[in-house]
Engineer: 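Take a look at the following structure, please.
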Amino acid sequence: MSKLVDQPVPKTIVRMAVPMLAGTFAMNMYHLTNAWFVSRLGTDSLAAISFTFPVVMLLMFVSRGLGSGSITLIAHALGAEDRARAARLAAHALALAVIFAMLLTAAGMLTIRPVFSKLGASGAVLDTTAVYMRIWYAGAVIMVLQIVTADIIISTGRTKLISALMVCSTGVNVVFDFGLIFGNFGMPKMGIAGAAVATIIAQGATLACALYILAFRLRLLDLSSLRLGLMVKSWGRILALGMPGALGLMLTPAAAAIITRLVARYGNAAVAASGVAGRIEMFAFMIPMTVGISLMPFVAQNYGARRMDRIRQVRKLAMSFAVLYGIFIGAMFIVFADPMARVFSDEQAVVDVLKSYIYITCAGYGLLEVHRYAGFCMTGVQEPLQASVLDIIRILVLLIPLSMLGGELLELNGIFWGRLATDLLAGSIGIFWSGRILLRKERRLAAA
């Protein structure tokens, strides 16, 4: 039986989460170093990379939707000790990822300027953004396959393997960023285009290693099952579980795009500061992120093994940890806001906006993570539509209206107050809703 269903819950989560800490740290450094290197090219370039952030996150989150559907089904199969079904699902998930990535590339190439113009980019900033995104879209197949392959490996609980890949990928990215952006190590000087090329190279290297691990170390890739009839059946199940989650995930960067549009009214310095803030938050949340990465496969495997008691226990532990960590990291941000801001920009306008963002929003960090954990638990017990509705409430009912209202009442800082109110309310709703869903699932299993 899988270790995710027969070892003590705290020990299992720690065993999965701790190895991911190095990998999560590396991936957050991946985004931060990209932003830092590009910031050396000037405020316009930093604003351009900030405009790309919500769109890139949107497309990556759609890919994560495919991955989440795969994680849920494969982990459920492994929990039920059906390894052949898990290997078949893995192959079908990768085939679906290729098709999706090809469609993404075609659509993306045709819509670069209209999309980023709508977000508020113009003039030289729009031209720079377009240069970056053309290259990024060209490598979309690599990006999507890398995400889905990594998620399949995570479904097995082998987080050490993924952590090692993430660390190596970040190292490769840093080397090629430094070389291709500025023309070091004998590489051509490409400016912001070099950042995009470096990302593709790093993701390509990660994908090659992940496929090797999946096929030869884990032996969880049944290529003989790549027959249209079987694939269509699996794709339906993957999409049924993954697309509601993808919808919820898509709303986050879509909302970020709307918030970017609101922030853009206050100039490029405000956009640059908000983009950096998003990357700093990703770095700050790396520890709870490792718990979140572990949560979905843990819940899915235990649901396959009909261990609702373990699912309830892990939910309580994870949410308690999220609140305590949020209090701690919020206090650290308040203390170190000024030096953190000055790492990314020498312009006082950028520094001032970034500090205001941190001071206002940090009180909601704990419940922001609680909201995410609630969604992971729902998806793990095969209720992705409920998780998606939870995300819809956070984004459409709370974040966008409250940010717009805050902007009208208090200008730029009001947008940040809207974000804080959203995090506090959405986290509270997530606690209640996820608890009700687990109770209903437990009753159904008991009656079966």
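Numbering of residues begins at 1 and proceeds along the displayed sequence.
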Engineer: Indicate yes or no: at least one non-hydrogen side-chain atom of Leu425 is less than 4.5 angstrom from one of Leu367.
Structural biologist: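 When only atoms from C-beta onward are counted, Leu367 and Leu425 do not touch, as no gap falls below 4.5 Å.
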Engineer: Could you tell me whether the side chain of Leu295 reaches within less than 4.5 Å of the side chain of Cys377, counting heavy atoms only?
Structural biologist: yes
Engineer: Checking Thr422 side chain against Gly418 main chain: does a donor-acceptor pair fall under 3.5 Å?
Structural biologist: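 Checking the backbone N and O of Gly418 against the side chain of Thr422, a donor-acceptor pair under 3.5 Å is found.
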Engineer: Should we say atom CE of Met102 is surrounded by more than 12 heavy atoms from elsewhere, each under 6.0 Å from it?
Structural biologist: no
Engineer: Donor-acceptor pair, distance only, cut-off 3.5 Å: does the side chain of Ser117 make one with the backbone of Pro114?
Structural biologist: no
Engineer: I'd like to know if the side chain of Tyr357 pairs up with that of Glu281 as donor and acceptor (distance under 3.5 Å, no hydrogens or angles considered).
Structural biologist: yes
Engineer: Would you name the heavy atoms of Ala363 and Leu424 that are closest together and state the gap between them?
Structural biologist: O-CD2, 4.0 Å
Engineer: Aromatic ring centroids of Tyr325 and Phe285 under 6.0 Å?
Structural biologist: no
Engineer: Go through Asp222 and Arg83 one step at a time and tell me if the salt bridge (charged side-chain N to carboxylate O under 4.0 Å, His left out) criterion holds.
Structural biologist: CA-CA 10 Å; Asp222 182 8; Arg83 194 172 186 84; over 6 Å; no
Engineer: Kindly indicate whether the side chain of Thr105, heavy atoms from C-beta on, has any atom under 4.5 Å from the side chain of Phe100.
Structural biologist: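 Sidechains of Phe100 and Thr105: no contact.
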Engineer: Look at atom CE of Met187 and say whether more than 12 heavy atoms of other residues, nucleotides or ligands are closer to it than 6.0 Å.
Structural biologist: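 Above 12, so yes.
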Engineer: Can you tell me if Thr290 uses its side chain to pair, donor with acceptor, with the backbone of Ile287 under 3.5 Å?
Structural biologist: yes
Engineer: Partners of Arg394 by salt bridge (charged side-chain N to carboxylate O under 4.0 Å, His left out), sequence neighbours excluded?
Structural biologist: Asp423
Engineer: Under 3.5 Å, side chain of Arg227 to main-chain N/O of Ser224, donor-acceptor pair present?
Structural biologist: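 Checking the backbone N and O of Ser224 against the side chain of Arg227, a donor-acceptor pair under 3.5 Å is found.
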Engineer: Any side-chain heavy atom of Asp151 within less than 4.5 Å of one from Ile74?
Structural biologist: no
Engineer: Does Leu368 offer a backbone N or O that forms a donor-acceptor pair with the side chain of Tyr373 under 3.5 Å?
Structural biologist: no
Engineer: Where is the tightest heavy-atom contact between Met20 and Met16, given as atom of each residue plus distance?
Structural biologist: CG-O, 3.5 Å
Engineer: Between Leu239 and Leu66, does a side-chain contact (heavy atoms from CB on, under 4.5 Å) hold up when you go through it step by step?
Structural biologist: CA-CA 7 Å; Leu239 293 172; Leu66 296 178; 3.8 Å; yes
Engineer: Measuring only between side-chain heavy atoms, which start at C-beta, is Asp391 closer than 4.5 Å to His371?
Structural biologist: yes
Engineer: Less than 4.5 Å apart, any side-chain heavy atom of Leu218 and any of Ile213?
Structural biologist: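 Yes, at least one pair of side-chain atoms sits under 4.5 Å.
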Engineer: Counting only N and O atoms by type, is there a donor-acceptor contact under 3.5 Å from the side chain of Asn184 to the main-chain atoms of Phe178?
Structural biologist: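 Between the backbone of Phe178 and the side chain of Asn184 there is a qualifying donor-acceptor contact (under 3.5 Å).
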Engineer: Knowing that exactly one of Ile238, Val232, Val148, Val144 qualifies, which makes a side-chain contact (heavy atoms from CB on, under 4.5 Å) with Leu96?
Structural biologist: Ile238
Engineer: Under the 3.5 angstrom rule, does the side chain of Trp417 hit a backbone N or O of Ile360 as a donor-acceptor pair?
Structural biologist: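 Checking the backbone N and O of Ile360 against the side chain of Trp417, no donor-acceptor pair under 3.5 Å is found.
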Engineer: With a cut-off of 6.0 Å (strictly less than), are more than 12 heavy atoms of other residues, nucleotides or ligands near CD of Gln348?
Structural biologist: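 Result for CD/Gln348: enclosed.
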Engineer: Is the shortest side-chain heavy-atom distance between Thr128 and Tyr132 below 4.5 Å?
Structural biologist: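 The answer is no, as the side chains (C-beta and beyond) never meet within the 4.5 Å cut-off.
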Engineer: Give the intermediate values and the outcome of ring-ring contact (aromatic ring centres under 6.0 Å, His included) for residues Tyr365 and Phe333.
Structural biologist: CA-CA 11 Å; Tyr365 287 168; Phe333 268 35; 5.7 Å; yes
Engineer: Contact between Met133 and Phe116 at the side-chain level, heavy atoms closer than 4.5 Å - yes or no?
Structural biologist: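 Sidechains of Phe116 and Met133: in contact.
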Engineer: Any side-chain to backbone donor/acceptor pair from Gln301 onto Ser155? Under 3.5 Å, distance only.
Structural biologist: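 Checked: pair present.
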Engineer: Which heavy-atom pair separates Tyr303 from Val381 by the least distance, and what is that distance?
Structural biologist: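 Here Tyr303 and Val381 meet closest at CE2-O, 3.6 Å.
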Engineer: Any donor-acceptor pair under 3.5 Å linking the side chain of Ser274 with the backbone of Val271?
Structural biologist: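 Checked: no pair found.
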Engineer: Which heavy atom in Leu221 sits nearest to a heavy atom in Ala90, and how many Å separate them?
Structural biologist: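 In this case the closest contact between Leu221 and Ala90 is CD1-C, 4.0 Å.
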Engineer: Looking at Ser39, is its backbone amide N or carbonyl O close enough to the side chain of Ser45 to form a donor-acceptor pair, meaning the two atoms are under 3.5 Å apart?
Structural biologist: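 Absent.
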Engineer: Determine whether Ile415 and Tyr266 satisfy the following criterion, side-chain contact (heavy atoms from CB on, under 4.5 Å), listing intermediate values before the conclusion.
Structural biologist: CA-CA 11 Å; Ile415 298 173; Tyr266 302 93; 4.2 Å; yes
Engineer: Please list all pairs passing the side-chain hydrogen bond (donor to acceptor under 3.5 Å, both in side chains) test where one or both residues lie in residues 192-219, with sequence neighbours left out.
Structural biologist: Ser169-Thr206
Engineer: When you look at CZ of Phe185, are more than 12 heavy atoms from neighbouring residues, nucleotides or ligands closer to it than 6.0 Å?
Structural biologist: yes
Engineer: Salt bridge between Asp177 and Arg40, side-chain N to carboxylate O under 4.0 Å?
Structural biologist: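 Arg40 and Asp177: not salt-bridged.
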Engineer: Quick one: list whatever passes side chain to side chain donor-acceptor pair (under 3.5 Å) with Ser434, sequence neighbours left out.
Structural biologist: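 Arg315.
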